[in-house]
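When a residue number appears, it is its place in the shown sequence, counting from 1.
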Amino acid sequence: MYILTDVDGRPYPSPTPGRFGGHRRGKLYGRLDCPSALRALARGHYRAHRVFFADEQTAIAAGYRPCAVCLPAAYAAWKVHHGR
């Protein structure tokens, strides 16, 4: 059983793993093989605040932004839309 995060930011059990990982404090999500997230995990950071999403739409609905490292096109679009 896997624990995923829903659109309201609440955890729920799932028989299938999430396709995207995120950081609860930073409110960002990315691919599970993201080099930036993997470096942070290797240094012992990030793990306590790690969340998982079934898909990208759920991560966005939960208020998370795309990772600039592993999802640069989605991040660029998000940045234009949010004016940051």
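Heavy-atom contacts from other residues, nucleotides or ligands closer than 6.0 Å to OH of Y12 number more than 12. Applying the 6.0 Å contact sphere to CZ of R19 captures no more than 12 heavy atoms from other residues, nucleotides or ligands.
With sequence neighbours excluded, no residue satisfies salt bridge (charged side-chain N to carboxylate O under 4.0 Å, His left out) with R65.
Of all the heavy atoms in P15 and M1, the pair that sits closest is N-SD, 3.7 Å. Minimum heavy-atom separation, Y29 to P66: CE2-N, 3.3 Å. S14 and T16 make their closest contact through OG-O, 2.8 Å (heavy atoms, listed as atom of the first residue, atom of the second, distance). Looking at every heavy atom in both residues, P11 comes nearest to I3 through CB-CG2, 3.6 Å. Listed here is the closest heavy atom pair of L32 and G18: CD1-O, 3.4 Å. Nearest heavy-atom pair across L4 and P17 is CD2-C, 4.2 Å.
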Assess whether side-chain contact (heavy atoms from CB on, under 4.5 Å) is satisfied between H23 and Y46, documenting all intermediate values. CA-CA 7 Å; H23 187 265; Y46 204 87; 3.2 Å; yes
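Taking the six-membered ring for Trp, Y64 and F20 have ring centres at least 6.0 Å apart.
With hydrogens and angles disregarded, no donor-acceptor distance shorter than 3.5 Å links the side chain of K27 to the backbone of G22. The backbone N or O of D8 sits less than 3.5 Å from a side-chain atom of D6, completing a donor-acceptor pair.
Put simply, CH2 on W78 and CD1 on I60 are 11.5 Å apart, with the number rounded to the nearest 0.5 Å. Distance check, rounded to the nearest 0.5 Å: CG of L38 to CZ of R43 gives 11.0 Å. One distance of note links OG1 of T58 with CZ of F52; it measures 14.5 Å at 0.5 Å rounding. To the nearest 0.5 Å, the span separating OG1 on T5 from CZ on R50 amounts to 11.0 Å.
Contact of the L71 side chain with the R31 side chain is registered, since non-hydrogen atoms from C-beta on lie closer than 4.5 Å.
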